[in-house]
Amino acid sequence: MTKEENEARLAKLKAIVRALPEKPGSYQYYDAEGTIIYVGKAKNLKSRVSSYFHTEVDRFKTKVLVSKIWDISYTVVNTEEDALLLENALIKKYNPRYNVLLKDGKTYPSICITKEELPRIFTTRTINKKWGTYYGPYSHIASMYAVLDLIKKLYRPRTCRFPISKEGIEQKKYQVCLEYHIKNCGAPCVGKQSREDYHKNIEQAREILKGNTRQVLRDMKDEMMLLAEELRFEEAEEVKRRYLLIEKFVATSEVVSHTINNVDVLTITNDDKLAFVNYIHVSNGQINQSFTFEYKKKLDETDEELLQLAIAEMRERFQSHAKEIILPQEIDLNMEGVTITVPQRGDKKTLLELSLMNGKQYKFDRLKQAEKLNPEQKQVRLMKELQDLLHLPKLPYHIECFDNSNISGTDAVAACVVFKKMKPSKQDYRKYNIKTVVGPDDYASMKEVVLRRYNRLVQEQQPLPDLIVADGGKGQMEVIRQAVQDELHLDIPIAGLAKNDRHRTNELLYGFPPRTIGMKDTSELFRVLTQLQDEVHRFAITFHRDKRSKHALHSELDDIKGIGPKTRDELLKGLKSVKKIREAELSVLEALVGPAKAKIIFEHFRS
């Protein structure tokens with residue numbers, strides 16, 4: 001597209017914008033092929049659409065969207081709520097490229113009550129509203145089966161799939177099945193349970209699925225008292241059994257005050273590219289619906305925009321007519337007859353926290369699921385987390401950690417452990433014998449090793465680490481800084497892992513002067529850093545132990561030129577000690593190792 005064509009395109013669009021009405025409605029953007037690429041809503045169409053064409057628009061993705069627009073259409077409605085519902089319907093119909101994408105929960109099951117003569121109640125993942133009424137979807141499967149099990153115990157709805165008709169029942173076409181004999185069904189198909197009684201049970205099951213258990217309990221109590229007054233004690237006992245079952249179910253499912261009735265709760269949990277909106281419906285103090293919507297963001301949508309979309313989706317999908325919506329923040333949305341509440345304390349605040357906890361758990365579960373399918377995703381996430389925590393210039397793909405080991409300065413050694421992509425890279429591990437330091441001086445030993453390590457990497461033009469971790473506190477960090485920055489003039493970030501009085505790692509240090517970086521000691525990132533620290537300890541101590549073992553096994557025989565380990569072992573096996581070897585006659589030595597080697601050993605000790 002030439003500059004002249006682009007100017008003509010913008011002039012046409014601005015002319016359309018100037019003619020837009022100042023009323024609520026939905027607007028649609030089209031590309032050069034006439035395809036809808038974005039759908040939006042506004043309480044003032046002219047003001048909202050014109051904001052896209054201001055020169056000070058700073059969001060990159062919005063600029064990309066504007067560069068693709070070739071035409072604009074709009075629909076005027078009466079209220080802001082209607083605009084929201086229209087936007088939601090158009091997004092689902094056209095699935096525009098630049099709109100937020102709702103990842104539908106079609107894989108979650110729902111409970112269906114069919115529209116048959118004798119309705120059935122069962123779970124399904126296929127929604128076809130001409131066959132019945134659907135309640136759900138249920139993201140927590142155990143909750144769904146708990147409700148379904150309660151309904152089966154209470155009302156014993158039929159489970160057979162026969163197309164039973166009223167005429168068939170009157171003509172006695174059907175026979176009782178095993179379900180009747182094991183008391184799982186009242187056999188309404190043969191008239192053993194009246195049609196009116198069966199439908200009464202189904203209506204009560206509907207109320208339970210809607211969450212209206214307290215109304216069902218009140219009706220049952222009235223029925224029970226009436227039957228008792230009429231001396232119909234057996235029937236009253238059956239109603240009491242059902243009453244107690246529902247009461248027990250309500251006691252385990254009620255989480256807030258029963259004074260909270262017909263309320264919707266929504267919270268949002270954000271990710272870089274995804275947003276998770278949890279929806280909870282509360283009726284008579286009981287949660288009867290909980291679901292998390294997953295949105296894929298396209299234009300860096302704000303929390304307010306996503307909550308508005310979620311409210312429209314929720315009210316349509318769950319046929320919600322709640323008069324109060326509880327949210328974590330104020331949003332610019334006026335809905336007739338609906339109150340938006342942002343609670344600060346009390347039972348409603350508890351509900352909000354419960355919803356947020358569900359959203360975070362859903363996000364965590366999805367993340368774990370994705371990481372199982374793609375293990376590298378977890379490593380990248382941890383590197384990104386560490387980068388954000390320390391404000392590093394790039395992802396810490398290559399991390400190195402140092403540790404010293406000695407006993408009162410003897411057999412002093414050091415070790416360097418390398419982690420790449422948050423995992424040990426054992427082929428890059430290095431061991432160092434301390435050469436220039438006399439006595440137990442950990443700081444001087446650390447400085448020597450760091451200088452030797454990075455001098456060599458620079459000379460060999462090997463890649464330098466993205467982060468150095470000191471196994472110690474501020475003192476070790478300062479020594480590494482002097483070696484790396486002051487003497488070698490290298491710009492490598494340096495962190496430290498400090499221990500508490502019980503010798504347990506309890507904090508991450510970074511910066512100069514070092515400051516404590518807030519991090520939970522239960523987090524995955526903290527576990528990886530402590531793994532790095534444990535690994536460098538293990539590697540250094542193993543090297544030090546091996547070196548001491550060699551010294552302990554060293555004998556004077558090892559210093560005799562021409563005598564190897566095999567000959568040494570033969571002599572020690574035969575004579576048991578170096579002292580006896582020294583004092584042995586030549587003939588004794590010859591019998592053990594032969595005349596040539598015996599002569600070398602005999603002359604060595606005699607000289």
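Remember, it's a predicted structure, so these values are computed and weren't measured experimentally.
Ion pairing between a basic and an acidic side chain is recognised when a charged N comes within 4.0 Å of a carboxylate O; E80 and K41 show no such pairing. The pair D222-R218 does not meet the salt-bridge criterion, since no charged nitrogen lies less than 4.0 angstrom from a carboxylate oxygen. Using a cut-off of 4.0 Å between Lys/Arg side-chain N and Asp/Glu carboxylate O, R120 and E116 are scored as salt-bridged. A salt bridge links R206 to E203: at least one charged side-chain nitrogen sits closer than 4.0 Å to a carboxylate oxygen.
The nearest pair of heavy atoms linking K363 to N270 is NZ-O, 3.0 Å. The two residues I164 and L118 have their closest heavy-atom pair at CG2-CD1, 3.9 Å. When all heavy atoms of A228 and A236 are compared, the closest pair comes out as N-CB, 4.3 Å. The shortest non-hydrogen separation linking G359 to F276 is O-CB, 4.4 Å. Across V77 and A83, no two heavy atoms sit closer than the pair CG2-N, 3.5 Å. Of all heavy-atom pairs between Y98 and V64, the closest is OH-CG1, 3.9 Å.
Within the model, atoms CD1 of I36 and OG of S73 stand 6.0 Å from one another, a figure rounded to the nearest 0.5 Å. Note: L244 CG to M220 CE = 10.0 Å, rounded to the nearest 0.5 Å. Once rounded to the nearest 0.5 Å, the distance linking CG of D303 with CD1 of I268 reads 4.0 Å. Within the model, atoms NZ of K200 and OG of S194 stand 9.5 Å from one another, a figure rounded to the nearest 0.5 Å. Taking CD1 of I202 as the start and NE2 of H199 as the end, the distance is 7.5 Å to the nearest 0.5 Å. Of the inter-residue distances, the one linking M383 atom CE with Y397 atom OH reads 8.0 Å to the nearest 0.5 angstrom.
In this structure, the side-chain contact (heavy atoms from CB on, under 4.5 Å) partners of K183, at least two apart in sequence or on a different chain, are R156. Residues that satisfy the side-chain contact (heavy atoms from CB on, under 4.5 Å) test with D71, not counting sequence neighbours, are K12, I16, Y30. By the salt bridge (charged side-chain N to carboxylate O under 4.0 Å, His left out) test, R195 is found to be paired with E117, residues two or more places apart in sequence or in another chain being considered. Contacts of N95 classified as side-chain contact (heavy atoms from CB on, under 4.5 Å), with partners at least two apart in sequence or in another chain: L101. I182 is linked by a side-chain contact (heavy atoms from CB on, under 4.5 Å) to L178, E179, N184, counting only residues two or more places apart in sequence or in another chain. For the salt bridge (charged side-chain N to carboxylate O under 4.0 Å, His left out) test, no residue two or more places apart in sequence or in another chain qualifies with D197. Residues that satisfy the side chain to side chain donor-acceptor pair (under 3.5 Å) test with T123, not counting sequence neighbours, are absent from this structure. Under the side chain to side chain donor-acceptor pair (under 3.5 Å) criterion, Y29 pairs with no residue at all, not counting sequence neighbours. Listed by chain and number, the residues in a salt bridge (charged side-chain N to carboxylate O under 4.0 Å, His left out) with K384 are D388 (sequence neighbours excluded). Listed by chain and number, the residues in a salt bridge (charged side-chain N to carboxylate O under 4.0 Å, His left out) with E230 are R232 (sequence neighbours excluded).
More than 12 heavy atoms of other residues, nucleotides or ligands shown are found within 6.0 angstrom of NZ on K298. Heavy-atom contacts from other residues, nucleotides or ligands closer than 6.0 Å to NZ of K360 number 12 or fewer. By the neighbour-count criterion of 12 heavy atoms within 6.0 Å, atom NZ of K420 is densely surrounded, having more than that number from other residues, nucleotides or ligands.
Within the 4.5 Å cutoff, no side-chain heavy atoms of F122 are placed close to those of I111. N358 has its side chain within reach of L354: a pair of non-hydrogen atoms, C-beta onward, lies under 4.5 Å apart. Contact annotation: the side chain of V49 approaches that of I72 to within less than 4.5 Å [non-hydrogen atoms, C-beta and beyond]. K421 places a side-chain heavy atom less than 4.5 Å from the side chain of Q379. Y180 places a side-chain heavy atom less than 4.5 Å from the side chain of K192. The shortest side-chain heavy-atom distance between E313 and V277 does not fall under the 4.5 Å cut-off. Within the 4.5 Å cutoff, side-chain heavy atoms of I69 are placed close to those of L13. Within the 4.5 Å cutoff, the side chain of L306 has heavy atoms near those of the K297 side chain.
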Inset, instruction - Could you walk me through whether E294 and L274 pass the side-chain contact (heavy atoms from CB on, under 4.5 Å) test, one step at a time? - result: CA-CA 7 Å; E294 183 178 335; L274 296 172; 3.6 Å; yes
Inset, instruction - Could you please spell out the steps behind the side-chain contact (heavy atoms from CB on, under 4.5 Å) verdict for Y295 and E301? - result: CA-CA 10 Å; Y295 290 96; E301 289 83 359; over 6 Å; no
Inset, instruction - Start with the C-alpha distance between H281 and V263, add both sets of side-chain angles, then the distance that settles side-chain contact (heavy atoms from CB on, under 4.5 Å), and finish with yes or no. - result: CA-CA 6 Å; H281 179 74; V263 170; over 6 Å; no
Legend entry - Steps toward side-chain hydrogen bond (donor to acceptor under 3.5 Å, both in side chains) verdict (R48, S51): CA-CA 5 Å; R48 180 71 185 96; S51 68; 2.9 Å; yes
Inset, instruction - Output, in order, the C-alpha distance, side-chain angles, deciding distance and verdict of side-chain contact (heavy atoms from CB on, under 4.5 Å) for F293 and L309. - result: CA-CA 11 Å; F293 299 95; L309 277 173; over 6 Å; no
For residues 323-344, tabulate all N or O donor-acceptor pairs below 3.5 Å that involve a side-chain atom, not counting sequence neighbours.
| residue | atom | partner | partner atom | Å |
| --- | --- | --- | --- | --- |
| E324 | OE1 | K348 | NZ | 3.2 |
| E324 | OE2 | T341 | OG1 | 2.8 |
| E324 | OE2 | K348 | NZ | 2.8 |
| D332 | OD1 | K43 | NZ | 2.8 |
| D332 | OD2 | K43 | NZ | 2.7 |
| Q344 | NE2 | V342 | O | 3.3 |

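A donor-acceptor contact shorter than 3.5 Å is absent between the side chain of S355 and the backbone of L351. Put simply, the side chain of K240 never gets that close to the backbone of K221: no donor and acceptor are under 3.5 Å apart. For E305 (side chain) and T302 (main-chain N/O), a donor-acceptor pair under 3.5 Å exists by modelled atom type. Put simply, the side chain of T35 never gets that close to the backbone of D31: no donor and acceptor are under 3.5 Å apart.
A donor-acceptor contact under 3.5 angstrom links the side chains of S26 and Q28, judged on distance only. Side chains of T292 and N278: a donor on one and an acceptor on the other come within 3.5 Å.
The side chain to side chain donor-acceptor pair (under 3.5 Å) pairs that include a residue from residues 163-172 number zero, where partners must be two or more places apart or lie in different chains.
In summary, of the residues considered (Q387, M422, R527), a side-chain contact (heavy atoms from CB on, under 4.5 Å) with L382 occurs for M422 alone.
Under the 30°/60° scheme for interplanar angles, the aromatic rings of Y27 and Y38 are found to be tilted.
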